[in-house]
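Reading through the structure tokens given below for one structure.
Order of listing sets the numbers, starting from 1, for every ligand and every atom in it. All values derive from a computational prediction rather than experimental measurement.
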Amino acid sequence: MRSYFLGAILGAASFVSALTVPPYTGTLIKGKEFPSLIEVDLEDLVDGLESGLFTSYDLVRAYEARIMEVNSTLHMVTELNPDALTIAAQLDRMRANGTVLGPLHGIPILIKNNIATDDKMNNTAGSWSLRGSKVPRDSTLAAKLRKAGAIILGKTNLSQWANYRSDNTSNGWSAYGGQTYAAYYPGQDPSGSSSGSGVSSAIGLALAALGSETSGSILSPSDVNNLVGIKPTVGLTSRYLVIPISEHQDTVGPMARSVKDAAYVLQAIAGPDTNDNYTLANPAVNGTTPDYVAACNYNAFAGKRIGVARNVIDIWGSYTDPPVLAAFNEAIKQIAAAGAEIVDANFTAFAAWQNDKNETLVLNADFISDLANYLSELTYNPYGIENLAEERNFTQTFPLEQYPQRDTKIWDGALKQGWNNTDPRFWAAYQANLYYGGEGGILGALERTNTSAVILPTQLSPSIPALVGSPVVTVPMGFYPANWTVTLNGFGNLVATGPNVPFGLSFMGRKWSEADLIGFAYAYEQRTMHRNDVQPYLVPNIELADFVS
Ligand SMILES: *[C@@H]1O[C@H](CO)[C@@H](O)[C@H](O)[C@H]1NC(C)=O
Ligand SMILES: *[C@@H]1O[C@H](CO)[C@@H](O)[C@H](O)[C@H]1NC(C)=O
Ligand SMILES: *[C@@H]1O[C@H](CO)[C@@H](O)[C@H](O)[C@H]1NC(C)=O
Ligand SMILES: *[C@@H]1O[C@H](CO)[C@@H](O)[C@H](O)[C@H]1NC(C)=O
Ligand SMILES: *[C@@H]1O[C@H](CO)[C@@H](O)[C@H](O)[C@H]1NC(C)=O
Ligand SMILES: *[C@@H]1O[C@H](CO)[C@@H](O)[C@H](O)[C@H]1NC(C)=O
Ligand SMILES: *[C@@H]1O[C@H](CO)[C@@H](O)[C@H](O)[C@H]1NC(C)=O
Ligand SMILES: *[C@@H]1O[C@H](CO)[C@@H](O)[C@H](O)[C@H]1NC(C)=O
Ligand SMILES: *[C@@H]1O[C@H](CO)[C@@H](O)[C@H](O)[C@H]1NC(C)=O
Ligand SMILES: *[C@@H]1O[C@H](CO)[C@@H](O)[C@H](O)[C@H]1NC(C)=O
Ligand SMILES: *[C@@H]1O[C@H](CO)[C@@H](O)[C@H](O)[C@H]1NC(C)=O
Ligand SMILES: CC(=O)N[C@H]1CO[C@H](CO)[C@@H](O)[C@@H]1O
């Protein structure tokens, strides 16, 4: 199955780029106007369910049909939940009977294939070694989604092992799920590692999706798929029974088409969990979780100081394409016009950080410990793999894992390093991270300049907040122009930048400041609505109206 090879992509490109996709019109359901599923938001869906225009059962059937319509082209969903229709019917009966669990009651959500569910779906991180494995219970996040009434519709494809296996691979490829493509240009790199979550959310295959991030894996696929992505503070959302890279950096968050929808999903999944002690550092342990939906405030910029990490742009400017910089400069003006004072907020150790390799030591050490920990939780482990050395053995010898073409260089480095996060060397390396991300990075910049958030083009934003586990929210900011020349990814199989490929703006803040960042993202989104500037080349035709009798 080599459909991702260059020839096929360029062939497809010359064919499809000739088409123009018309703007969406709403559909008629029972004679009433209703938005198409690529445009619909949570509040529309709740209205439709409450007024009896359609049921959650109808909604699941429509989303499943949309997934099947595009799956063989984009490969974004690896498994559908075989119980989704049964669950929807149950939630419909509850609603009819006056029991509504919350705003997400009866709303389909997709989750990344590293977040475990105790049901018929597999949790594999894209590896054949974990197909058929069983967990003792739902991950805390899956349990929270169910408690909020959401329907877990399926599992999304990802960069295998959340992109922590190989130096020679492509974003959105996993041995178990194949190659995911994004929908704004034929053969488009979906970025990663929450690739399928990004593509699915972008074209309306569910209300929203969950992704996970260690360094960029929510922000970057949100960036290129025209989405809002919230990378929460490490510890705001539980990682219990999420296949890990690093307990110090991993975090799970929503990827949605609007800031408010992302806020609704975050509200449902945030909060302390005794199975993940990082969540006990959340100030909400002694209080209440902020109201992220109420934080969506059109006037959020009024009287606030917003920083620009100017030296990061200067140092990394050569990696940033002119259309991105032009859109960013325009965004600065719009934020100022919305009432914010704009100041420089430089990351003072940024230049030095570029030559530092301590993050690799931290991630390697965490991965050795945290992977073994996850594997030890399994109640059925099909190949009996207990640690990274055994996982590498499996991967190098199981043909579907495509070794050696897709290598295991990241694991080779970790095993050569040989020590895990209980070793004294770990703490020295971790202190360096805290410095480069903290005083010398985002946290120091916020303190010194007394700003509420620092902004950067999303392409440049993930690395420094990753070091200290601080939050970032990205929101659509623009698109590469229609005459942009295609460039390919390093592996040579995907369109990295090309005509109409989206990009976003990031708001970076202090730990636990998600409500502030959501406010800023909303105020910017509502003034600009860049999401609507360009449409994907490929959108499913099936609509909810096709399933409502
Ligand atoms: C995706 O499409 C393939 C065929 O191209 C099919 O075999 C697979 O079952 C589909 N995935 C889902 C989730 O239905
Ligand atoms: C309907 O609500 C009543 C009272 O709240 C409850 O006892 C009953 O089990 C509910 N039925 C269903 C089908 O949910
Ligand atoms: C999970 O994997 C098993 C193989 O172990 C397979 O039979 C089953 O269909 C998979 N589940 C889903 C929902 O695809
Ligand atoms: C969580 O527990 C581990 C040991 O189980 C400990 O090393 C770590 O410091 C704890 N983290 C927090 C935030 O309490
Ligand atoms: C919660 O309150 C306890 C007791 O005052 C305190 O020790 C702890 O640090 C607080 N936790 C957080 C996360 O604020
Ligand atoms: C931020 O860094 C840039 C160099 O990249 C420099 O020109 C500017 O003066 C700095 N701003 C402050 C406030 O230090
Ligand atoms: C890690 O940080 C320490 C302290 O700044 C530094 O001396 C060392 O060279 C760094 N190690 C690597 C591998 O970058
Ligand atoms: C971590 O390292 C310690 C000390 O070398 C060792 O005892 C322990 O088994 C290791 N744990 C894992 C999961 O590798
Ligand atoms: C790797 O596989 C070889 C051959 O099957 C075996 O001899 C060796 O013990 C395995 N190593 C580990 C770490 O599992
Ligand atoms: C890396 O992947 C490319 C593209 O598939 C392949 O041509 C190349 O041989 C691979 N490199 C190595 C060292 O295996
Ligand atoms: C793309 O179009 C813009 C204006 O429409 C023009 O300024 C620019 O030179 C064009 N770029 C290329 C590569 O043709
Ligand atoms: C489960 C599933 O739908 N996987 C698809 C992912 O993509 C590959 C191609 O890369 C398809 O063959 C699979 O069917």
Side-chain angles (χ1 to χ4, degrees), residues 60 64 67-68 71 75 77-87 110-111 113-135 142 151-157 174-178 196 233-236 238 244-247 270-274 276-290 361-392 398 400 411 414-427 429 469 510-513:
V60 168
E64 285 182 349
I67 289 169
M68 297 310 279
N71 172 37
H75 308 144
V77 170
T78 58
E79 289 185 2
L80 288 172
N81 182 354
D83 299 320
L85 281 171
T86 310
I87 294 167
L110 288 159
I111 65 176
N113 192 3
N114 61 355
I115 303 170
T117 50
D118 182 17
D119 58 11
K120 296 185 182 117
M121 288 186 286
N122 294 285
N123 195 42
T124 66
S127 167
W128 287 93
S129 69
L130 291 175
R131 187 166 191 249
S133 64
K134 292 282 172 240
V135 286
I151 300 164
I152 300 175
L153 184 63
K155 298 293 248 356
T156 57
N157 206 355
S174 70
Y176 183 54
T233 307
V234 170
L236 185 74
S238 167
I245 294 175
S246 160
E247 62 185 273
D273 171 18
T274 49
D276 176 354
N277 67 2
Y278 287 66
T279 66
L280 306 180
N282 182 346
V285 165
N286 294 329
T288 51
T289 296
L361 303 179
V362 167
L363 296 182
N364 283 341
D366 269 351
F367 190 60
I368 292 171
S369 298
D370 296 342
L371 176 67
N373 212 356
Y374 177 83
L375 294 170
S376 75
E377 296 268 6
L378 296 178
T379 52
Y380 178 68
N381 185 338
Y383 295 93
I385 293 169
E386 290 179 358
N387 57 44
L388 181 57
E390 293 170 9
E391 191 65 68
R392 179 173 66 172
F398 195 80
L400 291 171
W411 296 354
L415 291 167
K416 186 155 173 258
Q417 178 179 317
W419 45 267
N420 64 42
N421 68 12
T422 64
D423 189 283
R425 281 167 286 186
F426 176 82
W427 292 103
R510 294 174 177 76
K511 290 190 182 186
W512 319 109
S513 72

Legend entry - Ligand-residue contact atoms, ligand 8 with N420, heavy atoms, under 4.0 Å: 1 (C), 2 (O), 3 (C), 8 (C), 10 (C), 11 (N), 12 (C), 14 (O)
Legend entry - Side chains of R425 and L361 in contact at under 4.5 Å (non-hydrogen atoms): no
Legend entry - Note, L375 side chain near E390 side chain (heavy atom, < 4.5 Å): no
Inset, instruction - Answer yes or no: is there a side-chain heavy-atom contact under 4.5 Å between T156 and T78? - result: no
Legend entry - Any donor-acceptor N or O pair under 3.5 Å, side chains N113, T124: yes
Inset, instruction - Using only heavy-atom distances, determine whether the side chains of E247 and N373 contain a donor-acceptor pair under 3.5 Å. - result: no
Inset, instruction - Below 4.0 angstrom from a heavy atom of A372, which ligand 8 atoms are there? Numbered from 1 as shown, please. - result: 13 (C)
Legend entry - Atoms of ligand 8 close to I368 [distance to a heavy atom under 4.0 angstrom, numbered from 1]: 13 (C), 14 (O)
Inset, instruction - Could you say whether the N/O atoms of N286 and ligand 5 ever approach to under 3.5 Å? - result: yes
Inset, instruction - For L280, counting its heavy atoms only, list the atoms of ligand 5 lying under 4.0 Å from any of them. - result: 13 (C)
Inset, instruction - Determine, stepwise, if the pair D370 / N421 fulfils side-chain contact (heavy atoms from CB on, under 4.5 Å). - result: CA-CA 9 Å; D370 296 342; N421 68 12; 3.8 Å; yes
Legend entry - Nearest non-hydrogen partners of S133 and L130, listed with the distance: OG-O, 2.7 Å
Inset, instruction - Can you sort out which atoms of ligand 5 are near N282, meaning under 4.0 Å from one of its heavy atoms? - result: 13 (C)
Inset, instruction - In sequence, state the C-alpha distance, the side-chain angles, and the governing distance for L153 and I67, and then conclude on side-chain contact (heavy atoms from CB on, under 4.5 Å). - result: CA-CA 10 Å; L153 184 63; I67 289 169; 3.9 Å; yes
Legend entry - Non-hydrogen side-chain atoms of N123 and K155 separated by less than 4.5 Å: yes
Report every pair formed by an N or O atom of ligand 3 and a protein N or O atom separated by less than 3.5 Å, giving atom names and the distance to 0.1 Å.
{"unit_1": "ligand 3", "atom_1": "2 (O)", "unit_2": "N122", "atom_2": "OD1", "d": "3.0"}
{"unit_1": "ligand 3", "atom_1": "2 (O)", "unit_2": "N122", "atom_2": "ND2", "d": "2.4"}
{"unit_1": "ligand 3", "atom_1": "11 (N)", "unit_2": "K120", "atom_2": "O", "d": "3.2"}
{"unit_1": "ligand 3", "atom_1": "11 (N)", "unit_2": "N122", "atom_2": "ND2", "d": "3.1"}
{"unit_1": "ligand 3", "atom_1": "14 (O)", "unit_2": "E79", "atom_2": "OE2", "d": "3.4"}

